[in-house]
Amino acid sequence: MKLSDKLVFGNRQINNRVVFQPMEGCDCNTDGTPSEFTKEKYRSFMKSKAGIVWFEANAVCEEGRTNPHQMMLTKENLPSFRAFVQELKELALRENDFVPLMLIQLTHSGRQSVNPIIAYRNPVYEEKRPVR
């Protein structure tokens with residue numbers, strides 16, 4: 001088995017076994033949309049010929065973010081995110097003759113959020129990491 005070998009999952013073909021793993025950059029705009037720096041990062045991933053590009057942690061709401069510059073996907077910014085994904089697909093097709101499988105990691109950081117949400121108290125956890 002080689003990195004250049006294709007993978008097939010159901011009706012999906014992945015052109016190779018190279019994966020850009022999600023790594024939260026916290027370099028987005030405060031509304032959660034990708035900044036120009038973030039966009040350049042993903043454009044370079046798409047040009048790399050990787051078989052899978054996995055988007056970093058995308059908070060599902062403002063209070064679920066760990067950082068005010070974390071990527072966030074909401075109803076309000078969905079159109080711009082959709083347009084960016086389309087741009088990335090076109091770029092990959094033009095540069096590589098294929099579009100990698102694109103995944104997104106959705107998250108809510110709960111206790112680790114900028115504004116923590118406490119669903120329950122855990123004395124063992126909170127002994128080392130108190131939550132107010």
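These numbers come from a predicted model, not from an experiment.
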Do [X] and [Y] have side-chain heavy atoms sitting under 4.5 Å apart?
X: Met102; Y: Val85; result: yes
X: Leu78; Y: Lys75; result: no
X: His69; Y: Thr30; result: yes

Note to self: Please list all pairs meeting side-chain hydrogen bond (donor to acceptor under 3.5 Å, both in side chains) that have one or both residues in residues 87-105, counting only residues at least two apart or in different chains.
What the structure shows: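 For residues 87-105: Arg43-Glu87, Gln86-Glu90.
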Item checked: Sequence-distant partners of Lys47, side-chain hydrogen bond (donor to acceptor under 3.5 Å, both in side chains), two or more places apart ->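 Result, side-chain hydrogen bond (donor to acceptor under 3.5 Å, both in side chains) vs Lys47: none returned.
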Check: When you look at NZ of Lys49, are more than 12 heavy atoms from neighbouring residues, nucleotides or ligands closer to it than 6.0 Å?
Finding: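 Atom NZ in Lys49 is not crowded, with 12 or fewer foreign heavy atoms closer than 6.0 Å.
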Notebook entry, point to check: Distance from Asp27 atom CG to Phe37 atom CZ, nearest 0.5 Å?
Noted result: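 These two atoms lie 5.5 Å from each other.
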Check: Looking at residues at least two apart in the chain, or sitting in another chain, which of them share a ring-ring contact (aromatic ring centres under 6.0 Å, His included) with Phe55?
Finding: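 Testing Phe55 for ring-ring contact (aromatic ring centres under 6.0 Å, His included), a comparison that skips the adjacent residues, returns Tyr42, Phe81.
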Checklist line | Listed partners of Phe20 passing ring-ring contact (aromatic ring centres under 6.0 Å, His included), at least two apart | finding: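 With neighbours one apart ignored, the set is Phe45.
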Note to self: Using the side chain to side chain contact (heavy atoms under 4.5 Å, CB included) criterion, which residues pair with Met23? Sequence neighbours excluded.
What the structure shows: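 For Met23 there are no side chain to side chain contact (heavy atoms under 4.5 Å, CB included) partners, ignoring immediate neighbours.
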Check: What's in the same ILVMFWY side-chain cluster as Val19, cut-off under 4.5 Å, chained through other members?
Finding: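 Members other than Val19 - counting any ILVMFWY side chain reachable under 4.5 Å - are Leu7, Phe9, Ile14, Ile52, Trp54, Leu101, Leu103.
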Next item on the list: Give a yes-or-no answer on whether the side chains of Thr66 and Glu24 include a donor-acceptor pair shorter than 3.5 Å.
Entry: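 Yes, side-chain donor-acceptor contact under 3.5 Å.
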